[in-house]
There are 2 protein chains.
Amino acid sequence: MKIGIDLLGVDDTQKIINFINSYQDNEVELFVYGREEELEKITNRDNIIKNICTEVVLIEDDSARVHRKKKDATMIRLLEDLKNSVVDVAISGGSTGAYMASAIFMVGRIEGISKPGLGTMLPTRSEHKFLLTDLGANVEAKPKDLLNYAKLGQLYVKHIYNIDTPDVALINVGAEETKGNKVYKEAHKLLKTEIANFKGNIEAREILEHQYDVVIADGFSGNVLLKTIEGVAQTFGKMIKAIFVKNLITKIGAILVKGGIADFKKKFDYSEYGGAFLLGLKKPTIKVHGAADEKALYYAVQQAKKIHKTKLYDIMIETMEQGAE
Amino acid sequence: MKIGIDLLGVDDTQKIINFINSYQDNEVELFVYGREEELEKITNRDNIIKNICTEVVLIEDDSARVHRKKKDATMIRLLEDLKNSVVDVAISGGSTGAYMASAIFMVGRIEGISKPGLGTMLPTRSEHKFLLTDLGANVEAKPKDLLNYAKLGQLYVKHIYNIDTPDVALINVGAEETKGNKVYKEAHKLLKTEIANFKGNIEAREILEHQYDVVIADGFSGNVLLKTIEGVAQTFGKMIKAIFVKNLITKIGAILVKGGIADFKKKFDYSEYGGAFLLGLKKPTIKVHGAADEKALYYAVQQAKKIHKTKLYDIMIETMEQGAE
C-alpha cells in the first residue's frame, strides 16, 4: 500500500524525517514530498519514494487558489498523486484550509455531498472514543449536510473500529427535539428518519462523559466545541502544573500521584487518535496537527493503513451514490 | 432597594430559605415569592416581604405561554412585581427558558433590541474575568443582534466592574476577519465600525487565557462554548479526584497539594461570579443556577445591588434609545 507524506507544513520537519527513517513496515511504501534539502536527510530505501518539489504551501496562501498557483508545492504534488492513484492515502500537517480546499478541488467530492466535513476521534473519561464532525470545513451547514456527516461518520466508525451500527447524537442547546435553530431542528428530523441508532440531541456539557460513537455539529459550533476542549484542557494543565511545582512539598505531592497524572495526560494526548479527515471526499486525506511528532505520524500511518485495508472510501462512495449500504 | 427572590425552581429550596433567614443588610428589602409551606420557614422580619403564591413554574411548562397559564406561579408573580416596580431586580433559579421568555413578554425589551441575549461572567487563568454573551437566548442571531450584545455587554462591564472602555472580541473559527459564516463576517464589520476597543476575532482555544472584557457569540455557539467549559471542567475534576483517591500514597500526595487545588476549585466556582442576566430587557433579571446554594444567592444579591446602584438599566435604555452614551 502506498502512503503519501507531505514533509512540510508542520512546525518541525525533522520529526517527520525521523519518523520516516525509522519506520519499518513491509506492507507500506512511503511516498515523501519535500524540497531537495529535506529529502537529502531521508534514508535511501526501496520502500521510500522521494518526490522533489520546489514550493511549499504557506499559511498565508489563499486556500482556494493555492492548488493552481503553487502546482509544485509539496502538499499539492501529494494531492495530485492521490488523485491519480499514485498514492492511496495522503497525510499532511500543513494549513488545514489549503489542504481541505485543494483536496476538494483536486480529489473531488462523493456524489451527493455538497460540502465535505472535517472529523476527528476524541477521548472521553472512559475508554470509549467518539467521532466529532464537522470541525469547521463547512460553517454554513444545511440540514442535509449534517445528515451526510452522520451517514459518513457512521461508516467511518463502523469500519475503522468494528462497531456494528454506531450510534449518533446531534449537538444542541437542549435535549428536547424542538431545541435549536432552524437548521438543527430540521437536521434532527432528518436524522430521526434516516439514521439507525440516532440517539437525539446532546448538550456540550456531556461531551467527555457520554458513550455515543458519532457526534454531529455544524462546522462553526463544532469548531468552537473542539477548540474549547483543547483550550480548557491546556489551561487546566498549566494551572495544575503550577500547583505541583509551587514548592518542595507540592513537588513531593506531584511525585506521589505521578502515575495517575501520566495516564491522564496520555488519554488526552490527541496524537494517539490519528489525524483529522475529510468526510465526503472520494479519496482519503489525513490532516495531522502542525505540532505533529514521530508518534503522531506513526498513528496517522496506522489510521491510513486501516482506511485503505477496509476499503472505507469505496464503501462510502457506494453507499452515498446508491443511497443504501 | 427592593430585591425579589423566587423561592422555587432551584434544586434545594431550603438553601435559599437559609440564605434569606441569615442575610443581614440594611440597604435591602427582600421580597420573597413562595408557597405557604416555604414561606412559613422564613423568619418574620421588617425587611422581608412574603408573597404567597399557589403555583410553580416547572421545567416541562411551555416557556412561551407559562406567563399567561400560571399567573400565580412564584416566578411569574416576581416578574409581575418587577414590571410594576414593586421590586427593582428579580432573582430566580427556575427554568431558564421560562424565565427568559416570561421576562421578555412581561418586562419588555429596550427599544431597538429585537432579541435579548443571555450573559454571564466567567473566570480565566489569571485574576481577570470576562463577560460571555449570548449563551443561548437567541439561537438565530443576526449581525445586528451581535452588535447589540457588544454594546450592552460593554455597558455592563463598564458600570459593574469600573472599566472605562471594556474591550470586546468576537468568537470565531479563526483570527482573520474574513473567517466564519455570513452572520459572523457581517457582525465583524459592524463591530469594527461601531465598537470602540473592538479587538477582532478570538478562537475558543484562547477562551480561558485571554484578557478581553466582553466576548460575543451567537446563542447557539455561545451555549456550546459555555457548556463545553462546564463539561470539561467537571470531567477533569472527576478524573483528578480519581487520581488522588486511588491509594494511600496518592492520598498523601493529595494532602501535599491541597491548598493549590482548593484555590483552583475556588476560581472555577461559578457561584462567586453572580448569576446570568438578560441583556436587552428594560429591567434586571438575574438567573442563578438550579444548583444554587447560600453562597450563590449571596453573590447574586450583591450583583443585584450593584446593578441597581449604578442605574445600569437606565443607562442601557438611554444609550440604546439615543444611539449614543
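- For Asn172(B), the parts lying near chain A are the backbone and the side chain together; criterion is any non-hydrogen pair under 4.5 Å.
- Residues Val173(B) and Gly219(A) approach most closely at CG1-O, 4.5 Å, considering heavy atoms.
- When heavy atoms are compared at a cutoff of 4.5 Å, Lys182(A) approaches chain B by way of both its backbone and its side chain.
- With a 4.5 Å cut-off on non-hydrogen atoms, Ile261(A) touches chain B through its backbone and its side chain both.
- The greatest number of non-hydrogen atom pairs below 4.5 Å with chain A, out of Ala204(B), Gly259(B), Ala217(B), Ala254(B), is found for Ala204(B).
- Closest heavy-atom contact between Ile229(A) and Thr228(B): CG1-CG2, 3.6 Å.
- Residues Tyr149(A) and Asn138(A) bring a donor and an acceptor atom of their side chains to less than 3.5 Å of each other.
- In terms of heavy-atom pairs under 4.5 Å with chain A, the best-connected choice from Glu203(B), Glu176(B), Lys179(B) is Glu203(B).
- Taking the six-membered ring where tryptophan is involved, the planes of Phe105(B) and His67(B) are essentially parallel, since the angle between them stays under 30° and well short of 60°.
- For the options Gly97(B), Gly253(B), Gly260(B), heavy-atom pairs under 4.5 Å to chain A are most numerous at Gly253(B).
- Considering all non-hydrogen atoms of both residues, Ala141(A) and Leu146(A) come closest at CB-CD2, 4.1 Å.
- For chain A, the nearby parts of Ala233(B) are the backbone and the side chain; heavy atoms of each come within less than 4.5 Å.
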*Going through the checks in order, is the side chain to side chain contact (heavy atoms under 4.5 Å, CB included) test met by Lys69(B) and Asp62(B)?*
CA-CA 9 Å; Lys69(B) 295 259 176 183; Asp62(B) 180 348; over 6 Å; no
